[in-house]
Amino acid sequence: MNQTVSTLPADAPWVVMKFGGTSVASVERWRNIRELAAARRAEGVRVLLVVSALAGVTDALKALCAEDDASARTQAADAIAERHRALAAAMQIALPERVGTLLDGLRQLAERGPEADGDPLAWKALVQGHGELLSSALGAAFLSAQHLPTQWIDSRDCLRAVALPNQNTRTRTLSATVDAQPDAALAERLAAQGEVLIAQGFIARDENGRCVLLGRGGSDTSASCFGAVLKAARVEIWTDVAGMFSANPRQVAGARLLRQLDYEEAQEIATTGAKVLHPRCLSPLRAPRVPLWIKDTNHPDMEGTEIGPQVREAAPSVKAISTRSGITLVSMESVGMWQQVGFLADVFDAFRRHGISVDLIGSAETNVTVSLDPTENLLDSDAVAALATDLAKVCRVKVIAPCAAVTLVGRGMRSMLHQLSSVLAEFGQLRVHMISQSSNNLNLTFVVDEDVVDDLLPRLHELLVRAGSLRSDDSQLFGPSWQALYGSGEQDIAPAWWRGERTRLLQLAAERSPRYVYHLPTVQARIDGLKHLQAVDHVHYAIKANNHARILQAVAASGFGLECVSPGELAAAKAAAPDAPRLFTPNFARRDDYAAALDDGATVTLDALHPMEHWGELFTGRSIMLRVDLGRGLGHHEKVRTGGSGSKFGLPLDQLDRFLELARTHDVRVQGLHAHLGSGILDAGHWGEVYAQLAALAERIGSIEILNIGGGLGVPSHPGEQPLDLNALDRVLSEVKAAYPQYRLWMEPGRYLVAESGVLLARVTQDKRKGGHHYLGIDAGMHNLIRPALYEAWHEIVNLSRLDQPAIALYQVVGPICETGDVLGNDRRLPVSAEGDVMLVAQAGAYGAVMASNYNLRETADEIVIE
Amino acid sequence: MSALSDPREAASFRFVRCGYADGVAELAYAFDDGPELIERIRFADAPALSEARRGAFDAALRLLHFVAGISYYKAGVPQRIVVDGDAPDADTAELLDTLYLHGLAEFAYRNGLDLRGRIAFPRDGAASAPAASLNLPRRTLVPIGGGKDSLVAIEAIKAVGGEATAVWVGNSPLIAHCAARTGLPTLNIGRELSPVLFDYNRMGAWNGHIPVTAVNSAILAVAAILYGFDSIAFANERSASAATLEYEGQEVNHQWSKGFDFECRLHDWLHRHVAADLDYFSLLRPFAELAVTRAFARLGGDYFDAFSSCNRNFRILGPKPADRWCGQCPKCHFVFLALAPFLPKPRLMGIFGRNLLDDESQRAGFDALMEYQDHKPFECVGEGAEARAAMYALSQRPEWREDALVARFADEILPQLDASELALEPWLDAADAHRIPSRLAGALDDIRGA
């Protein structure tokens with residue numbers, strides 16, 4: 001143990017360190033606190049520890065207060081006493097005298113009950129305040145015993161609650177507000193008591209000397225009040241996570257740690273959803289300009305979030321997306337009434353009367369819509385019904401729920417609007433009930449249906465990064481991703497194969513351009529990755545991604561089947577790999593196509609009633625697969641989503657019974673169910689959901705043996721994007737498989753196997769400046785690679801001739817086709833390039849050559865396979 | 001093992017044998033001389049069987065053998081039913097004939113079969129002496145399904161100080177989670193269907209709905225004797241007795257084995273053949289669905305984030321409403337509609353995670369519930385008139401009436417209805433017909449909110 005011996009100068013700065021309930025609940029965690037406090041002390045600062053009650057104790061005290069019966073209350077008090085005695089024993093200290101006195105006091109309070117002194121609220125506050133008094137008293141004794149002399153101080157002697165005009169007696173007592181002005185005299189008094197002090201969160205004293213509580217998030221607020229009163233060097237909130245993130249990590253694993261925020265941004269993020277900090281705790285710090293740090297107790301060396309007054313020079317950036325669920329909207333429709341004096345006042349008076357507080361407000365000439373947060377009043381009383389009844393007397397009311405508010409937070413939001421087109425397009429597909437933007441220019445809020453949020457959030461985060469609105473490239477603002485800090489860690493991303501094949505590729509491009517080059521070892525590496533998935537019984541490669549014979553042969557040689565969508569593909573598959581099982585999964589195909597596929601021996605997938613209704617006899621005695629539409633779609637672009645009623649694929653579930661009836665009539669055996677959500681999905685959880693949904697459906701159909709969860713395995717394209725975690729995918733799938741072991745699991749990836757193996761080589765044709773734009777023409781265009789034009793797909797583009805030169809020019813990389821949309825890449829940082837330079841478009845192995853045309857009668861690129 | 005042949009080609013279905021040892025009941029069946037289909041029921045921590053209860057146990061086990069056979073019989077529905085060994089007596093055969101005919105009515109309708117005249121159990125076994133009272137311990141087995149009904153029943157029994165154990169058959173994390181919330185002792189009984197049935201299914205065996213409540217009832221009768229319970233309290237409502245539709249002169253009721261007719265038959269049969277003091281009944285029998293949803297709404301928040309009546313079998317639990325409610329099936333539709341008049345709207349939204357009544361695409365589902373341009377779904381849902389009453393109540397409420405399907409009801413359906421038949425209140429009353437023993441009669445007042 002390192003002893004603290006030196007004495008601090010009188011003007012040594014203060015650091016306030018706050019620890020929450022779980023951090024003070026065990027002796028191991030107290031040892032941790034001791035180390036952290038001693039380390040700060042050794043830096044030459046005065047340390048004030050602010051602690052919460054032991055985890056669970058505040059709830060136990062609340063339960064005690066709710067008991068009507070004195071003996072039940074004393075029993076509860078005894079149980080609480082036992083917890084503290086047990087902790088003292090674990091700390092190997094005698095029960096401190098102060099703790100004993102407090103426990104006796106608590107038992108007496110419990111016996112006497114709320115009415116004894118005629119002030120039940122004060123009784124309640126005093127009882128509930130005991131949690132912090134006890135934990136701090138135990139802590140003081142333990143730390144002192146561990147050679148860190150620590151003085152116990154009573155927060156009620158330091159923090160003074162003030163009565164605010166909008167508070168009633170209840171909120172003044174149980175959700176009080178502290179007047180936190182710098183107080184040099186108090187700082188001096190505390191400095192005289194010692195160098196390490198410990199005080200309670202959550203409690204203060206009011207003008208009448210009563211103990212009052214600070215309400216939810218109270219301990220954070222106590223810490224920041226102490227920070228303000230002492231004008232501390234900083235307040236440190238020690239918790240179980242490193243700080244605030246650019247999104248809720250439970251929803252977005254790629255959410256990035258926010259390194260620096262100003263008070264207003266942090267307040268906005270905390271208010272609009274982040275749970276790590278209570279929004280109330282920032283305001284006391286603002287005027288005295290005391291910074292607040294969030295730190296992870298379990299990883300004290302890990303950087304956290306620093307919140308302070310600084311408005312640093314930086315490009316405007318969205319800092320975070322936050323969401324709040326359980327929101328109810330009240331939409332009020334009336335004609336021409338809003339301008340009448342007093343009308344809105346009457347409307348809002350109804351909200352006040354029913355005890356309902358309004359959050360967001362949006363208005364139009366004939367409509368005012370407000371949002372309500374999910375308070376207990378709203379959930380457990382008839383307040384909404386009563387409010388609607390009152391409002392219905394003066395306007396037409398609609399109560400819209402359940403909604404979620406999705407808020408983009410960042411200083412200077414309006415200056416970023418032009419970058420948000422892809423984000424707005426995403427919202428364009430949803431029911432957006434309300435949009436709100438405040439004059440402080442910090443936020444932009446969309447209120448949408450609650451059930452879309454879980455899928456929406458990861459996509460929005462990705463879109464914001466891709467659009468350059470969330471400047472994750474600015475390492476001053478953004479730290480590592482949550483995944484990297486707490487997940488399985490950043491996966492090692494091997495450098496792209498073409499970096500090692502530069503000479504050969506330059507040679508190939510010199511012979512002819514444009515041309516596709518496929519790297520077979522990369523295909524094999526992806527195949528091997530999928531073969532390691534324990535949960536998957538059989539893989540069919542979707543040959544529409546790339547039907548080059550050499551690739552089909554490699555895939556078939558690995559034991560995969562081939563999935564085809566047309567007679568042409570069936571023929572190509574048969575020619576390249578005659579023995580590989582073929583799966584025929586067409587959509588709106590002719591009757592003859594199915595007949596030919598059956599003759600060919602392929603397994604046939606149906607995805608509509610029509611074939612069964614009109615050509616049922618064609619399938620008699622056969623086993624078929626049935627593709628269903630689970631009613632939702634996913635993917636990186638609207639045009640690659642293949643689920644949901646907006647897409648033409650799959651049998652809607654309400655027609656399933658009819659389909660099965662027809663199948664029975666025609667003696668057709670439905671042996672498998674298939675669903676496919678879309679493409680480019682990087683989150684492993686989605687396949688688990690599809691799999692579980694299919695399995696639940698299959699249980700109702702006796703004949704099912706196979707579940708085919710499709711493909712859509714995403715390939716990261718944008719820098720910083722994490723590749724799909726195959727281990728996580730296998731875990732998710734195995735979990736479902738354990739619940740439904742009777743079904744064989746199939747997958748049918750396409751792009752995943754081949755995208756990274758291919759590059760498109762092209763040569764620079766011309767260079768043109770026009771206004772602010774600098775165009776770089778190459779001899780490949782949308783006729784060779786249509787994905788950028790069709791899906792707004794992002795492909796990395798490099799100048800292979802000048803790979804080592806600094807990328808200082810900003811180009812629009814365009815092709816030779818007579819279409820404005822013939823753009824392969826916008827705003828690309830590249831070395832200054834010249835006619836004849838060889839350009840490489842990466843990740844072109846999937847949906848490249850197969851989608852080529854000879855539009856404008858331009859020749860298609862040839863295809864080369866290298867080993 | 002004999003070669004498998006299509007059970008639809010079989011001439012007879014055989015009840016081969018049943019036995020019990022070490023907590024496991026083995027029930028064997030076959031089509032003709034085909035392979036044995038063996039079902040196993042596993043009774044956890046089963047106590048040793050006392051001699052005093054041996055006779056009752058054997059009678060209950062035999063009934064279970066006959067009742068559980070329905071899952072296998074239906075794969076082929078052959079012309080003849082054969083019982084190897086002792087045939088049932090006439091009283092038992094009568095119960096089984098009725099159960100098989102009505103319990104498989106939906107199955108027959110859906111598969112275009114007519115089972116009348118086909119189902120005839122042998123009935124020449126010797127009748128046994130009337131069963132005596134066994135002085136069974138005064139405690140109740142309450143089957144729990146994870147939905148609102150069993151939770152209302154459990155809370156009502158708790159309210160009158162009844163001793164009860166929550167029991168369920170089969171593996172369901174959702175039920176286990178709900179059972180834990182009740183705070184009652186729990187009993188989970190395992191049921192393994194014969195794997196041969198799955199082979200038959202792949203060969204194209206007949207498939208469809210079976211009266212699973214009857215099978216579970218027979219399992220619980222065995223359990224009651226084995227562990228010592230004097231009562232089995234199901235949570236089936238009045239509306240379960242209403243037919244789903246009529247088909248070629250026969251009533252088809254999806255919930256037949258949850259109906260009062262079956263309850264009375266089994267109740268009486270158990271008294272006569274197993275134990276005079278074993279009561280089988282439904283605690284919710286006097287009530288309509290709406291009275292039960294009202295009682296459930298009153299229970300408060302503890303169950304709201306745990307229960308589900310949804311038809312989809314959620315084997316993998318998650319925290320989101322969508323992890324418990326599919327939002328597409330008739331059960332989701334009905335429970336949403338029936339809870340709506342009794343819960344604050346934001347609370348209901350918190351349970352389901354979406355507003356099914358403000359979603360145009362759910363129109364057909366709600367129409368079917370109200371029997372508007374459609375018949376009642378083949379599901380355990382309330383009566384059409386009940387759904388109409390709930391919808392009418394919502395159409396009168398400002399916080400609901402602008403929602404798409406409520407507004408459509410008011411515009412399109414309501415003008416065709418007789419408003420005097422749409423009141424909610426009559427549905428909240430209790431009827432008299434039930435088989436609830438007197439010591440639990442007080443629970444009815446609790447449910448009624450009296």
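Residue numbers begin at 1 in each chain, while the letters A, B, ... track the order of the sequences.
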Checklist entry - Heavy-atom distance under 4.5 Å between the side chains of Asn111(B) and Arg664(A), does that happen here? => result yes
Item to check | Between CG on residue Asp382(A) and CD on residue Glu399(B), distance to nearest 0.5 Å | outcome: 9.0 Å
Item to check | Region of Asp403(B) that comes under 4.5 Å of a non-hydrogen atom in chain A | outcome: both
Checklist entry - Between Lys345(B) and Ala385(A), is there a donor-acceptor pair closer than 3.5 Å when you use the side chain of the first and the backbone of the second? => result no
Item to check | Any side-chain heavy-atom pair of Pro344(B) and Asp380(A) under 4.5 Å | outcome: no
Item to check | Stepwise salt bridge (Lys or Arg N to Asp or Glu O under 4.0 Å) test for Arg396(A) and Glu402(B) | outcome: CA-CA 9 Å; Arg396(A) 205 170 140 190; Glu402(B) 297 291 336; 2.9 Å; yes
Next on the checklist: With a 4.5 angstrom heavy-atom cut-off, is it the side chain or the backbone of Asp667(A) that approaches chain B, or both, or neither?
Outcome noted: neither
Checklist entry - So which heavy atom on Ala401(A) is nearest to which on Asn355(B), and how close? => result O-CB, 3.0 Å
Next on the checklist: Is Thr665(A) in contact with chain B via its backbone, its side chain, both, or neither, using a 4.5 Å heavy-atom distance?
Outcome noted: neither
Checklist entry - How about Ser703(A) and Asn201(B): do any of their side-chain heavy atoms sit closer than 4.5 Å? => result no
Item to check | CG-SG distance between Leu630(A) and Cys326(B), expressed to the nearest 0.5 angstrom | outcome: 11.5 Å
Checklist entry - Hey, mind stepping through Gln328(B) and Leu653(A) against side-chain contact (heavy atoms from CB on, under 4.5 Å) and telling me if it holds? => result CA-CA 9 Å; Gln328(B) 310 280 338; Leu653(A) 291 184; 5.6 Å; no
Checklist entry - Does CD belonging to Glu360(B) count more than 12 external heavy atoms closer than 6.0 Å? => result yes
Checklist entry - Above 12 or not: heavy atoms from other molecules or residues under 6.0 Å from CZ of Arg353(A)? => result yes
Checklist outcome for this item: Turns out that what part of Arg431(A) lies under 4.5 Å from chain B's heavy atoms comes down to side chain
Next on the checklist: Which residue is it: Asn377(A), Thr328(A), Thr375(A)? I am looking for the one with a side chain to side chain contact (heavy atoms under 4.5 Å, CB included) to Pro346(B).
Outcome noted: Thr328(A)
Item to check | Euclidean distance, Arg110(B) CZ relative to Glu661(A) CD, rounded to 0.5 Å | outcome: 7.5 Å
Checklist entry - Side chain, backbone, both or neither: which part of Ala205(B) has a heavy atom under 4.5 Å from chain A? => result backbone
Item to check | Exercise: identify the closest heavy-atom pair between Lys398(A) and Ala404(B) | outcome: NZ-N, 4.4 Å
Next on the checklist: Can you give me the closest heavy-atom contact between Pro398(B) and Ala388(A), atom names plus distance?
Outcome noted: CB-O, 3.5 Å
Next on the checklist: For a quick test of reading the model, state the closest non-hydrogen atom pair linking Ala392(A) to Arg401(B) and the distance between them.
Outcome noted: CB-NH2, 3.5 Å
Checklist entry - Which one, Ile327(A), Asp657(A), Leu378(A), Leu372(A), leads in non-hydrogen pairs under 4.5 Å with chain B? => result Leu378(A)
Checklist entry - Restricting to pairs with a member in residues 344-364 of chain B, which pass ring pair (Phe, Tyr, Trp, His ring centres under 6.0 Å), not counting sequence neighbours? => result Trp325(B)-Phe352(B), Phe336(B)-Phe352(B)
Next on the checklist: Test side-chain contact (heavy atoms from CB on, under 4.5 Å) on Glu705(A) and Phe198(B); report intermediate values, then the result.
Outcome noted: CA-CA 10 Å; Glu705(A) 294 168 66; Phe198(B) 299 110; over 6 Å; no
Checklist entry - How far does CG of Leu379(A) sit from CG of Leu348(B), to the nearest 0.5 angstrom? => result 11.0 Å
Checklist entry - Checking Asp449(A) against chain B: side chain, backbone, both or neither under 4.5 Å from a heavy atom? => result neither
Checklist entry - Does Lys320(B) come within less than 4.0 Å of Asp451(A), counting only side-chain N to carboxylate O? => result no
Checklist entry - By a 4.5 Å heavy-atom criterion (distance strictly below it), what part of Val736(A) contacts chain B: side chain, backbone, both, or neither? => result both
Item to check | Pairwise distance CZ(Arg347(B)) to OG(Ser381(A)) - rounded to 0.5 angstrom | outcome: 10.5 Å
Checklist outcome for this item: Whatever's closer than 4.5 Å to a heavy atom in chain B on Asp654(A) counts as neither
